[in-house]
Amino acid sequence: MLTIKQITEDKEGIIRKLSRKLFDGREAIESVISLNDKRKTTQTKLDNNLAELNKISKSIGLLMKEGKKEEAEAARLKVSGMKEENKSLELTMKEAEEQIQAILYTIPNIPNDDVPDGKSAEDNIVEKTGGIKVELGDDALPHWELAKKYDLIDFDLGVKITGAGFPVYKGKGARLQRALIDFFLDEATKAGYTEIMPPTVVNAASGFGTGQLPDKEGQMYHCEVDDLYLIPTAEVPVTNIYRDVILDKKDLPIKNCAYTECFRREAGSYGKDVRGLNRLHEFSKVELVRIDTPDHSYESLKEMLDHVEGLVQKLELPYRILRLCGGDMSFTSSICFDFEVYSEAQKRWLEVSSVSNFESYQANRLHCRFRDENKKIQLCHTLNGSALALPRIVAALLENNQTPDGIRIPVALQPYTRFDMIK
RNA sequence: GGAGAGGUGGUAGAGUGGUCGAUUACAGCAGUCUUGAAAACUGCCGUACGGAAACGUACCGGGGGUUCGAAUCCCUCCCUCUCCGCCA
């Protein structure tokens with residue numbers, strides 16, 4: 001969330017920037033400022049009262065020690081009236097703080113200046129296009145047909161044992177999954193990321209830390225008996241490693257990567273876009289998470305983008321990079337780039353990665369800070385990006401590489417699959 | 001699931017009603033000494049909010065209570081550890 005400092009220091013600027021995210025923040029911002037003023041005056045008053053009270057209490061202690069009982073008794077009486085007032089001041093403080101907090105949760109992150117204006121996905125800017133699209137005949141099959149033909153993925157079996165959106169990978173299909181995970185982790189490790197294997201179930205505090213709660217409660221699977229959540233992305237556990245932590249500047253940037261299963265309820269999204277592997281309730285993903293200083297986080301972002309681009313290139317997939325416009329960006333990101341690969345048989349671009357810089361928005365919620373060279377404590381910047389999400393990569397690989405003789409495996413992946421064709 | 005122990009500053013570990021925001025040790029930082037390092041010695045060494053600052057206030061797992069005064073007493077919730085049972 002935004003800090004009160006950010007809001008009070010540049011009220012009009014924040015309101016204007018928020019409007020680029022299609023968020024009318026005037027009312028919220030005004031409320032935060034006035035509630036904060038109220039909080040401050042209340043605190044000053046309360047602090048003074050408490051200081052007075054503490055002083056008297058101390059003097060009572062001393063008087064008792066010296067055996068001056070009557071004087072102590074007199075001081076004691078003096079104090080009783082003040083306590084009522086403090087109670088109500090405390091209540092006012094607490095209410096104001098809670099209200100501020102509640103409002104701050106509803107205000108999205110402000111977009112970076114490099115984010116283009118726009119209302120929806122239509123307005124995203126194609127930053128770059130790469131790779132070579134293949135020409136397939138009219139008889140080209142979509143991946144769900146190919147999966148059946150070569151017995152790679154069984155969607156019906158998934159329905160039987162769990163439900164829709166939980167496919168069962170078999171034989172070379174399963175092997176392909178494992179190969180991709182291994183490939184992505186190896187590439188990340190080579191690029192200097194530390195591999196993490198976190199829990200895939202988290203507590204509510206972690207959900208709040210990265211911002212899934214309270215906004216997107218309905219998107220996560222919730223184990224109510226234990227009040228735990230299945231993670232929608234490794235971002236949640238991996239970023240929460242740094243919750244309530246003060247890092248040292250020399251330890252930054254922190255570069256972590258993690259493979260996990262990801263679980264998403266995807267409530268309310270049904271229809272043609274969800275066919276096959278396009279949208280699942282459980283899928284595999286390798287995620288990059290970075291914690292950095294404000295003055296270096298955009299270099300980190302650039303490195304992450306280059307890394308992800310390298311992956312789709314090695315997989316020989318036609319791709320494009322989108323610079324998301326203000327209206328299409330997520331609640332918490334400051335700037336975001338999507339990677340899409342072209343799925344030849346479906347004639348569609350499929351999103352396979354989303355790389356974002358959250359600047360200090362997430363760090364503020366997480367209380368993730370660092371000590372700079374002057375020993376001053378500042379908020380970190382957090383970044384993350386998929387590298388990569390498997391299902392749509394698999395969809396594109398299967399579709400784009402289909403031949404009359406079977407499905408070709410990209411060279412870079414062959415050491416991992418240990419087969420070069422799916423027949 | 002049953003029984004017990006415990007949650008204090010980066011770590012270890014004191015502290016059971018009155019200069020305790022907290023003894024001490026270690027780690028860390030700065031300095032003295034040294035050719036340099038180590039050792040030894042000296043000083044510094046939590047966070048948040050308010051304040052221009054001096055300084056004030058809050059925080060000893062969370063919340064509530066008793067009291068003029070709580071890390072210390074009471075209630076409640078949470079968490080961790082150990083043993084037993086069950087189990088990969």
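Reckoned from all heavy atoms, side chains included, excluding hydrogens, waters and symmetry mates. Each chain gets a letter, A, B and so on, in the order its sequence line appears, and its residues count up from 1.
A:Asp251 has its CG atom 13 Å from the C1' atom of B:G28, to the nearest Å. For the pair A:Leu247 CG and B:G28 P, the computed distance is 19 Å after rounding to whole Å. In this structure, A:Glu52 places its CD atom 15 Å from C1' of B:G69, rounding to the nearest Å.
Checking A:Lys375 against A:Arg76, the closest nucleotide of RNA chain B that is more toward the 5' end is the one next to A:Lys375. When each of A:Leu77 and A:Gly61 is assigned the nucleotide of RNA chain B bearing its nearest heavy atom, the one mapping closer to the 5' terminus is A:Gly61.
Cation-pi check for A:Lys172 over A:Phe419 is met; the charged atom lies under 6.0 angstrom from the ring centroid and within 45 degrees of its normal. Annotation: cation-pi pair A:Lys249/A:Phe370 absent, no NZ/CZ under 6.0 Å from the ring centroid and within 45° of its normal.
Classification of the A:Phe331-A:Tyr361 ring pair by plane angle, with boundaries at 30° and 60°, yields perpendicular.
Nucleic acid contact for A:Leu53: none, since no nucleic acid atom lies under 4.0 Å from a heavy atom of the residue. Nucleic acid contact class of A:Ala75 (heavy atoms, under 4.0 Å, all strands): none.
Across B:G65 and B:U47, the matching P atoms stand 30 Å from one another, rounded to whole Å. Taking the C1' atom of each, B:C44 and B:G9 are spaced 16 Å apart, rounded to whole Å.
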message: Let's test your reading of the pairing rules: Watson-Crick or G-U wobble, both distances under 3.5 Å, then write RNA chain B as a dot-bracket string with ( ), [ ], | and dots.
response: ((((((((.[[[..)..(.....]]].(((((.......))))).(((((....))))).[[[[[..)....]]]]])))))))....
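In the set B:G69, B:G56, B:U47, B:G69 carries the atom at the smallest distance from any side-chain atom of A:Lys83. Taking the side chain of A:Arg369 as heavy atoms from C-beta on, and the options B:G69, B:A48, B:U57, the nearest nucleotide is B:A48.
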